[in-house]
2 protein chains.
Amino acid sequence: MGDAIPIKQADISISACSYRRVLEIISSKWSALVIYALEDGMLRYGEVRKRIEGISQKMLTQTLRQMERDGLVRREVTPTVPPVVDYSLTPLGETLIGTMKHLKLWTAEYFPLVERAREEYDRSNGRDEG
Amino acid sequence: MGDAIPIKQADISISACSYRRVLEIISSKWSALVIYALEDGMLRYGEVRKRIEGISQKMLTQTLRQMERDGLVRREVTPTVPPVVDYSLTPLGETLIGTMKHLKLWTAEYFPLVERAREEYDRSNGRDEG
DNA sequence: CCGAATCCGCTGCGATACTG
DNA sequence: CAGTATCGCAGCGGATTCGG
């Protein structure tokens, strides 16, 4: 009798769900890395880029801009020649450090299981069926 | 094991950082919604789709396949005519419920600040430079 | 009912070159 | 040093069609 679950019926409509909101903020491939790079304190643009080796300057700038807009990152320009631009986490951005570490814990504990599941799945499904 | 990274100089190389791993799993736009849809228990394909209104069957199937491969979702086929396919979270998948709720808490607490920051940023930068 | 396969537009992202 | 503008590719993701 109780096998059907009439609660929470129809719509997890995309915008309604809180899950999505954070993901929109931190899941954009590089944002998490930026938080990680800045968690020790302020860095110059080039320093950030050196830490996140593999990022293009386009993506770095774009990511930093978006995070600045979201109030997670502070941007300070010193109008010298050549210019100096420092980036740091805002207090709001720092609240994400804990959140990210929580994710990291999940990864440390469970990701090996995911990898094993993948291997097993690929062995059953990716190669030959029987 | 033995992470112990006191320094963090050069490379947050993309693959090295643990942050990325979870995000690869849950950030693919629909995975989070699937977890949310299934957190009460087993559902049939059509039921899942009804809950996540707005998802195409292509994306739903694709997402479910990937999560099945990752060991997060279990797929049970009952070979009747017409066929019945049930989906449910595996124990591993269920460990993500707590993680997602943690994200949800962050959202509930801080997302309003993000929205305000955005408005302010757009007012300063989107309109006219001040 | 569940799902695979195809077609196709949109955009994310990297590489490059240029400005101040 | 920090950042913008342009091009080109590849993949996401939606609509549709066919199959078991």
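The figures that follow rest on heavy atoms only: side chains count, while hydrogens, waters and symmetry mates do not.
- By the side chain to side chain contact (heavy atoms under 4.5 Å, CB included) test, B:Gln62 is found to be paired with B:Lys58, B:Met59, residues two or more places apart in sequence or in another chain being considered.
- Put simply, CD1 on B:Ile52 is 12 Å from P on D:dG14, counting in whole angstrom units.
- Scanning for side chain to side chain contact (heavy atoms under 4.5 Å, CB included) contacts around B:Glu94 gives B:Leu89, B:Ile97, with sequence neighbours left out.
- OP1 or OP2 of C:dG3 sits under 4.0 Å from a side-chain N or O of B:Tyr87.
- Considering only heavy atoms from C-beta on, B:Trp106 comes within 4.5 Å of A:Ile25 through its side chain.
- The stretch residues 83-93 of chain B participates, sequence neighbours left out, in these side chain to side chain donor-acceptor pair (under 3.5 Å) pairs: B:Arg75-B:Tyr87.
- A close approach under 4.0 Å does occur between a side-chain nitrogen or oxygen of B:Arg65 and OP1 or OP2 of C:dA4.
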What string of B, S and - do you get for nucleotides 7-20 of chain C 5' to 3' if you count protein non-hydrogen atoms under 4.0 Å?
-> ------BBBBB--B
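- Taking atom CD on B:Glu68 and atom P on C:dA4, their separation rounds to 10 Å, with Å as the unit.
- For the helix from C:dC1-D:dG20 to C:dG20-D:dC1, the axis fitted to the five pairs at one end and the axis fitted to the five pairs at the other end meet at an angle of 30° (nearest 10 degrees).
- Although no hydrogens or angles enter the test, the distance criterion places no donor-acceptor pair under 3.5 Å between the side chain of B:Arg21 and the main chain of A:Thr107.
- Protein atom CG of B:Asp86 is 9 Å distant from nucleotide atom P of C:dC2, rounded to whole Å.
- In this structure, B:Glu47 places its CD atom 13 Å from C1' of C:dC2, rounding to the nearest Å.
- Between the CD atom of B:Glu24 and the C1' atom of D:dG11 there is a distance of 15 Å, given to the nearest Å.
- Contact annotation: A:Arg75 side-chain N/O to D:dA2 OP1/OP2 distance is not under 4.0 Å.
- To the nearest angstrom, P of C:dA5 lies 17 Å from CG of B:Leu60.
- Every residue was checked against the salt bridge (charged side-chain N to carboxylate O under 4.0 Å, His left out) condition with B:Arg116, not counting sequence neighbours, and none meets it.
- For A:Glu115, the side chain to side chain contact (heavy atoms under 4.5 Å, CB included) partners are A:Phe111, not counting sequence neighbours.
- Every residue two or more places apart in sequence or in another chain was checked for a ring pair (Phe, Tyr, Trp, His ring centres under 6.0 Å) with A:Tyr45, and none qualifies.
- For B:Glu76, the salt bridge (charged side-chain N to carboxylate O under 4.0 Å, His left out) partners at least two apart in sequence or on another chain are B:Arg74.
- For the pair B:Lys50 NZ and C:dC2 P, the interatomic distance rounds to 9 Å; values are reported in whole Å.
- Residue B:Arg44 places none of its side-chain N or O atoms closer than 4.0 Å to OP1 or OP2 of C:dC1.
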